[in-house]
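A short worksheet on the structure shown next.
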Amino acid sequence: MLRFLALRLVRAALTIALVVTFAFVVLRLSGDPAVIIMSPEAPAEAIAAFRKAWGLDQPIWIQYINYFGAILHGELGQSMRDGRPAIALVLERIPATLALTLPAFALKLCLGIPAGIQAALHRNSLTDRLVMAGAVAGFTVPSFVLGLLLVLLFAVTLGWLPSGGQDGWRSGILPVITLGLGGAGILARFTRSAMLEVLGQHYIRTASAKGVPWRAVVRNHALPNAAIPTVTVIGFMVGSLIAGAVVVESVFSWPGVGRLLIVAVANRDLAVVQCILLMVAGTMVTANFAVDLLYGLLDPRLRGAR
Amino acid sequence: MSATLVSIRDLWVSFDGHAALRGVDLDIAPGEAVGLVGESGCGKSVTWLAALGLLPVKAAVSGQVLLDGQDLRTLKPAALDAIRGRRVAMIFQDPASSLNPVHRVGRQVVEALRLHRGLDGAAARAEARRLFDLVGIPDAGRRLDAFAHELSGGQNQRVMIAMALAGEPELLVADEPTTALDATIQAQILDLLRRLQAETGMALVLISHDLGVVADLCSRVGVMYGGRIVEEAPTATLFAAPVHPYTQGLLAALPDMTGPRRRLTAIAGGVPEPWNFPPGCSFAPRCMSATSACDAALPAARDVGDGHSVACLHAHVPEPVRAVVPA
Ligand SMILES: Nc1ncnc2c1ncn2[C@@H]1O[C@H](COP(=O)(O)OP(=O)(O)OP(=O)(O)O)[C@@H](O)[C@H]1O
Ligand SMILES: [Mg+2]
């Protein structure tokens, strides 16, 4: 177990280091923050001063070492745009994002899992076909298209709900639905195939042969086994709680982390982008770790195997 | 003949429009041990899965399965659940995958005890432990808390048997219970089945590839081919005077009764698949004595005396039977 933990930690650290490096390379090679933030018409001396202030005048690999070293010391740097600590900028946006992604996550679970189970239990029935058609639509329609359609219908045409902004719980409804439907579709498909796989197993036949009523076969024998692969997908969804709403936040002008990320990338505001990426990688790694622990709980065959 | 416990009448099963069973008739008397033999794919498992309503929904089933005169095929699900595991239990070929991997084996036995005997808590656990002792699982108390993957194949099959005994069934259907196990364990499991049958007085249906195994345990044998029972007789009769050319071929292929057991493969050709069954007798293409009449229609089973019946146009009534009982 200890070895397993250590291995996981090393892997997590490597993942995060890679993410950090990748962001540095992409952001620093794709544009000059000084020019973008100061605007191209700014006087040359001003741009040079900005460069010097932020260390942009040094060779790129020195910048990289400085930047990496700072991260190792827990310093995430300041926003080049307004000089505030990047971490503060990000943290103040997180509640708004969670206000979308948490209810959307609940929606995915409450809609996707039961729909997938029902579809599997009534394979090839009308229910199954409807659920699967809905699921495919849910995750193939891009979220900005779905979001715009919902706005068109419920905000513009019917006038029931606001079309954007963060103004009371009613303005959260459309973005939450937009976010939730796609995930619910993915989860429904996954749950269905996991259930179908399990329902074809011999131990299901054994349970029926010993007289267990079908409902109890499903509840006590099929679901606990089908939960094992489904947990992986749910883990991914937990991992995207922070950064999963970039598109939807833009469509609905929701002042969350996603919008902050877009602005920061546009400005090549490295510290802020970095801070968001670190947070995203952190949640992903934690979620993965939780999934692994959960596997051990759900599947006795994996206990002790590590 | 004595009363029948289970009577299968004209059982047909098709998958995707292809008949896998074509009119199976079989009677099981209380307490009797009946063997069902035949090559892979001839419909042995499907017969009993269909009888107990355990086939996937895509299987189209017709015919009757009478238990004390009551047709299992027309029962409501709840009534059928009260019979499965309680009056008729079934164990399967692959014990490891037949047990639920995420539940402890004891819990799976207790589940049957709760359903069929109303036992709960400590009483159920004590009874599960007694059953484990009965089927010869060493260190029963600790094994109750094991998972299937922690036990050997033979032990898993013993767990399956304990689970089947939990409902004190009148009939146990054992579908190739030893095929997945190695030879010494096979013999142990077969001995266990023989002992349990004698002790509990339950009837036993033993499905097997192996005529030798069946001859050891069963007083009557049905030989299946192409989704039908082609010959059925008391074990001694079948061995002494087989009538169906297929049975004759099987017996000719059988090694010395005391020699090593092997699969039935000595007849040239293979079992036809349900989607290309010949129109008439499904054995005709492999049969030395087949004539054009054999291809015309399915031969009906004919009684040739002494509880011996055979479905073959060319079956001649055998010589008076010498009573040779295989050891
Ligand atoms: N679920 C299923 N779907 C489609 N065909 C099936 C199914 N189950 C059985 N069959 C077909 O029915 C026929 C009889 O199968 P069955 O399992 O009864 O054979 P068996 O005599 O038990 O053979 P074995 O000794 O290999 O267990 C086979 O041809 C098989 O392909
Ligand atoms: Mg079989």
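Chain letters run A, B, ... following the sequence lines, proteins first and then strands; every chain starts at 1.
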Inset, instruction - State, with a plain yes or no, whether a side-chain heavy atom of A:Leu277 is found less than 4.5 Å away from one of A:Phe22. - result: no
Inset, instruction - Go through the steps to decide whether A:Thr178 and A:Phe144 satisfy the test side-chain contact (heavy atoms from CB on, under 4.5 Å), and finish with yes or no. - result: CA-CA 8 Å; A:Thr178 309; A:Phe144 70 89; over 6 Å; no
Legend entry - Contacting region of B:Leu52 [heavy-atom separation from chain A under 4.5 Å]: neither
Inset, instruction - Could you tell me which portion of B:Leu55 (side chain, backbone, both or neither) has an atom closer than 4.5 angstrom to a non-hydrogen atom of chain A? - result: neither
Legend entry - Segment of A:Ile204 engaging chain B (4.5 angstrom heavy-atom cut-off): neither
Legend entry - Side-chain donor/acceptor of A:Thr97 to backbone N/O of A:Gly256, under 3.5 Å: no
Inset, instruction - Would you indicate whether A:Phe236, at its atom CZ, is surrounded by more than 12 heavy atoms from other residues, nucleotides or ligands within a distance under 6.0 Å? - result: no
Legend entry - Engaged part of B:Pro101 at the chain A interface, taking heavy atoms whose separation is under 4.5 Å: both
Legend entry - A:Phe105 atom CZ: more than 12 heavy-atom contacts under 6.0 Å: yes
Cross-interface N/O pairs, chain A with chain B, donor-acceptor, under 3.5 angstrom:
residue	atom	partner	partner atom	Å
A:His202	ND1	B:Ser97	OG	3.0
A:Tyr203	N	B:Ser97	O	3.2
A:Thr206	OG1	B:Ser98	O	2.6
A:Ser208	O	B:Arg84	NE	3.1
A:Ala209	O	B:Gly85	N	3.2
A:Lys210	O	B:His116	NE2	2.6
A:Lys210	NZ	B:Gln108	O	2.6
A:Lys210	NZ	B:Glu111	OE1	2.9
A:Gly211	N	B:Arg84	O	3.4
A:Asn220	O	B:His103	NE2	2.6
A:His221	ND1	B:Asn100	ND2	2.9
A:His221	NE2	B:Glu111	OE1	2.8
A:His221	NE2	B:Glu111	OE2	3.1
A:Asn225	ND2	B:Asn100	OD1	2.9

Inset, instruction - Check whether any side-chain heavy atom of A:Pro95 sits under 4.5 Å from a side-chain heavy atom of A:Leu98, and report yes or no. - result: no
Legend entry - Choice from A:Ala207, A:Gly200, A:Pro224, A:Pro213 maximising heavy atom contacts with chain B below 4.5 Å: A:Pro213
Inset, instruction - Could you tell me whether a side-chain N or O of A:Arg192 sits under 3.5 Å from a main-chain N or O of A:Gly116, the two making a donor and an acceptor? - result: no
Legend entry - Listed partners of A:Ser193 passing side-chain hydrogen bond (donor to acceptor under 3.5 Å, both in side chains), at least two apart: none
